[in-house]
Amino acid sequence: MYQSGQYFQIDELLKKREYDIYNNDHIRDKEIMELAEVISADKSIDLKEYFDFLKASSKFCWFNYLKIIEKLPEEDKIRGISVLFELLQDYNWPTFQKTMEILEKLDKNVVETYINQYLAQAQEEDDEEWISNIQLLAKN
């Protein structure tokens, strides 16, 4: 992993309990905002790498990812759109409704492009629930 500049800064923050988005589902807004600022300042940070669902100790920690994405400027929210679409795979996940809310607030033209992309992926994977959830987003 690249270890200079902001990347190093975010790695160091995530090692601390108060910033641990993977194991701490009660991170304060101040720390969420600081993480969002670091991410926004360094466009090379791969959000999919940091918002990895397998790193989280529970699905409730996924809310940390959403809280950070919400604090980002529009252009950076779009950098995290792949994370958002993956969170649409299961209607029963605790983050499903919040994910829909965030996606519905983004630029409709941008979201439409990704709807087509992820709908194709869901069809390729024969994931009927994901297809249904993406169609629900498109309808909204």
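Along the sequence shown, the residues carry numbers beginning at 1.
For E74, the CD atom sits in a packed shell: over 12 heavy atoms of surrounding residues, nucleotides or ligands are nearer than 6.0 Å. Residue E128 qualifies as open at atom CD: its count of foreign heavy atoms under 6.0 Å is 12 or below.
Grouping the Ile, Leu, Val, Met, Phe, Trp and Tyr side chains by contacts below 4.5 angstrom, directly or via other members, places M33 apart from I10. By the rule that hydrophobic residues join a cluster once side-chain heavy atoms approach within less than 4.5 Å of another member, F60 and Y50 end up as members of one cluster.
Rounded to the nearest 0.5 Å, atoms CD (Q97) and CD1 (I102) are 12.0 Å apart. Considering CG of L103 and CD1 of I115, their distance stands at 8.0 Å, rounded to 0.5 Å. Note that OG of S132 and CG of L119 are 10.5 Å apart. Values are rounded to the nearest 0.5 Å. To the nearest 0.5 Å, atom CG of residue N23 and atom CG of residue N64 are 10.0 Å apart. In this structure, CD1 in I69 is found 12.5 Å from CG in L35, a value given to the nearest 0.5 Å.
Between L136 and L88 the shortest side-chain heavy-atom distance does not fall below 4.5 Å. Inter-residue side-chain proximity for L72 and R79 is flagged as unmet; no heavy-atom pair is nearer than 4.5 Å. Taking the side chain as every heavy atom from C-beta outward, N24 and H26 approach each other to under 4.5 Å. At a threshold of 4.5 Å between non-hydrogen side-chain atoms, the residues F53 and V83 count as touching. With contacts defined as side-chain heavy-atom distances shorter than 4.5 Å, the pair I21/F51 qualifies. Side-chain contact between L14 and Y22 is present, with at least one heavy-atom pair separated by less than 4.5 Å.
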Check against side-chain contact (heavy atoms from CB on, under 4.5 Å), L66 and L84: CA-CA 8 Å; L66 296 178; L84 297 173; 3.5 Å; yes
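Screening residues 90-99 for salt bridge (Lys or Arg N to Asp or Glu O under 4.0 Å), with sequence neighbours left out, gives E70-K98, K98-E101. Among residue pairs with one or both ends in residues 104-113, those qualifying as side-chain hydrogen bond (donor to acceptor under 3.5 Å, both in side chains) are E104-N140; sequence neighbours excluded. Judged as a ring-ring contact (aromatic ring centres under 6.0 Å, His included), the pairs with a partner in residues 103-130 (not counting sequence neighbours) are, in order, F85-Y118. Screening residues 13-36 for salt bridge (Lys or Arg N to Asp or Glu O under 4.0 Å), with sequence neighbours left out, gives E12-K15, R28-E31, D29-K71.
At distances below 3.5 Å, not a single donor-acceptor pair connects side-chain atoms of Y19 with backbone N or O atoms of D11.
Annotation for D76 and L47: closest pair O-CD1, 3.9 Å, computed over non-hydrogen atoms. Between Q9 and V38 the shortest heavy-atom distance is NE2-CG2, 3.6 Å.
Remark: E125 pairs with no residue by the salt bridge (charged side-chain N to carboxylate O under 4.0 Å, His left out) rule, at least two apart or across chains. Scored by the ring pair (Phe, Tyr, Trp, His ring centres under 6.0 Å) test, F96 finds Y91 as partners (sequence neighbours excluded). With sequence neighbours excluded, no residue forms a side-chain hydrogen bond (donor to acceptor under 3.5 Å, both in side chains) with T95.
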